[in-house]
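Sequence lines set the chain letters: A, B, ... in the order given, protein chains first and strands last, and positions in each chain run from 1.
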2 protein chains.
Amino acid sequence: MAESQEKEQPRRRQARGERRIAQLLEAAASVFCTTGYTAASTNAIAREAGVSPGTLYQFFPNKEAIAIELGDRLMHEMRDTFGEALAPVDPATPLEEAVGAAVDRFIAFNCDHPVFFALMHGPDIPGHMAEEHDALHATLLARIEGLLSSLLPDARPVDLGRTAHMCLGLYKAGLELVLAHEGAERDAYVRELKNVLIRYLEPLAAGRPGPARDSGAEATGVR
Amino acid sequence: MAESQEKEQPRRRQARGERRIAQLLEAAASVFCTTGYTAASTNAIAREAGVSPGTLYQFFPNKEAIAIELGDRLMHEMRDTFGEALAPVDPATPLEEAVGAAVDRFIAFNCDHPVFFALMHGPDIPGHMAEEHDALHATLLARIEGLLSSLLPDARPVDLGRTAHMCLGLYKAGLELVLAHEGAERDAYVRELKNVLIRYLEPLAAGRPGPARDSGAEATGVR
DNA sequence: GACAAACGCGAGTGGTCGCTCGCATTCTGG
DNA sequence: CCAGAATGCGAGCGACCACTCGCGTTTGTC
């Protein structure tokens, strides 16, 4: 029962193999982006990578493993990009600044890796991948909750959880619109998304530091 | 070339046939809800309806037609439920009231017909159904835009369109969370969704009638 | 009651997809 | 240089799916 979990890895990869794996993952990302996970065929992924179906199955036991490995690498890259820099926040940070920075980083990451959205958003997530999906979701929620609790120390835990869910949902909605546009229009949607989140959270942040709150519209960042 | 468009309807349905159609659509709605459109098999729909696959194809030429007919009936029911009552609005209506009423009606409809969300939200919409989907999307956007223009007469047309897109996206995000919960928690999410929309739109409605705007949090309906 | 049409069935058809298998080719350690 | 492992191939297998077809049953009409 010592090493029964990880039963086998006598597989010594060569440099060529690692290259093929990266190539296949890149191809898979491309295909997943355009067709979604379920509609993506392994043959299409292999074709996109310029290899045969058999070669694909030399490196991945099944279709699901491709998506899982892709998800794992994205998660790692995500942590590397803004590791712990996102969760904790100085309680003195103005709300607008904290929200704006968080949104900018996430948007940048998602624009660089559109697969992430495709795998997250897809309603087609068979069996074992749902766990990965839920784990990521829970991680993000915990991060957001932590960030919110530092921004809104007065909120009750129950409300905080709900607020975190709302923020994540709102972000996903905004992300979809952002990804659907380009250039100046995309920037405008990013601006709108920030407005949504800031205005949603603002009334919850009573008696906090930052710019004096008045009733003016311009002061809340309409433009 | 006179009646070449509608090439054939010598099909005289019997009462039994109409009943089967309703039965099949109900079964399809159930299956679409649980598995989504693409993952739903026509055999599963027939089984759910308690008929054979052949019977299903007596009434529908193909799988897509089932979803389209289902969508059409939902659209009709939607129009019947709150026909023109949603688009135009008295410019003197307070923002909170208008948004609250619109959200309540849409939420009620979507809770009664969860298929609607499944067909709307699905990323799996093959070929010809995309048109239906886009048409519905455009209709909703136009309605929202009309409602917004009566609420926010000062906004520029370009911004108005973007705002309408944002509102629809935010609603869909909120709807997902609402449908994922039940009872008191569901009500709480409805409340939050209204808060999001009201607070997002509030700064855009300068110099409009309604309760005097101050900086208090309680006044905007936090609790 | 008779005839035709609508209804109902379920095994079957063609096609796609995930995945395998046997065999050829390239690489690596000794 | 050579055994053995890793890599590469692509035809093919079984499963599933959308959809069809021939035939038996029910229903409306005269």
Under the salt bridge (charged side-chain N to carboxylate O under 4.0 Å, His left out) rule, what pairs show up with a residue in residues 57-71 of chain B, not counting sequence neighbours? Glu69(B)-Arg73(B)
With heavy atoms under 4.0 Å as the rule, sort Asn43(A) into base, sugar-phosphate or nothing. base
Rounded to the nearest Å, what distance is computed from the CZ atom of residue Arg13(A) to the C1' atom of nucleotide dT26(C)? 15 Å
Classify Gly54(B) by what it touches in the nucleic acid, base, sugar-phosphate, or nothing, heavy-atom distance under 4.0 Å. base
Using whole Å, what does the distance between atom C1' of nucleotide dA5(C) and atom CZ of Phe59(B) come to? 13 Å
Look at all strands and tell whether Ala46(A) reaches a base, only sugar-phosphate, or nothing, counting heavy atoms closer than 4.0 Å. nothing
Tell me whether the OP1 or OP2 atom of dC9(D) has a side-chain N or O from Thr55(A) closer than 4.0 Å. yes
Considering only dG8(D), dC19(D), dT20(C), which nucleotide approaches the side chain of Pro53(A) most closely? dT20(C)
Under 4.0 Å between a side-chain N or O of Thr42(B) and OP1 or OP2 of dA18(D)? yes
Rounded to whole Å, CD of Glu18(B) lies from C1' of dA6(C) at a distance of 12 Å
Check whether any side-chain N or O of Tyr57(B) sits under 4.0 Å from OP1 or OP2 of dC19(D), and answer yes or no. yes
With a 4.0 Å cutoff (strictly under), does any side-chain N or O of Arg12(A) reach OP1 or OP2 of dG29(C)? no
Output the rounded distance in Å from CD (Gln23(A)) to C1' (dT7(D)). 13 Å
Measure from CZ on Arg16(B) to P on dT26(D) and round the result to the nearest Å. 9 Å
How would you list, by chain and number, every residue that makes a ring-ring contact (aromatic ring centres under 6.0 Å, His included) with His165(B), sequence neighbours excluded? none
If we only count heavy atoms from C-beta on, is the Thr163(B) to Leu204(B) side-chain gap below 4.5 Å? yes
Whole angstroms only, please: what is the CD-C1' distance between Gln14(A) and dA6(D)? 5 Å
Using only atom types and a distance under 3.5 Å, with no angle test, would you say the side chain of Asp159(B) pairs donor to acceptor with the backbone of Ala155(B)? no
Any side-chain to backbone donor/acceptor pair from Thr55(A) onto Val51(A)? Under 3.5 Å, distance only. no
Determine the contact category for Ala44(A): base if any of its heavy atoms lies under 4.0 Å from a base atom, sugar-phosphate if only primed atoms, P, OP1 or OP2 are that close, otherwise nothing. nothing
Mind calculating the distance between CD1 (Ile45(B)) and P (dC19(D)) to the nearest angstrom? 10 Å
Arg20(A) CZ to dC27(C) P, straight-line distance once rounded to whole Å: 11 Å
Using only side-chain N and O atoms of Arg19(B), determine if any of them is under 4.0 Å from OP1 or OP2 of dC7(C). no
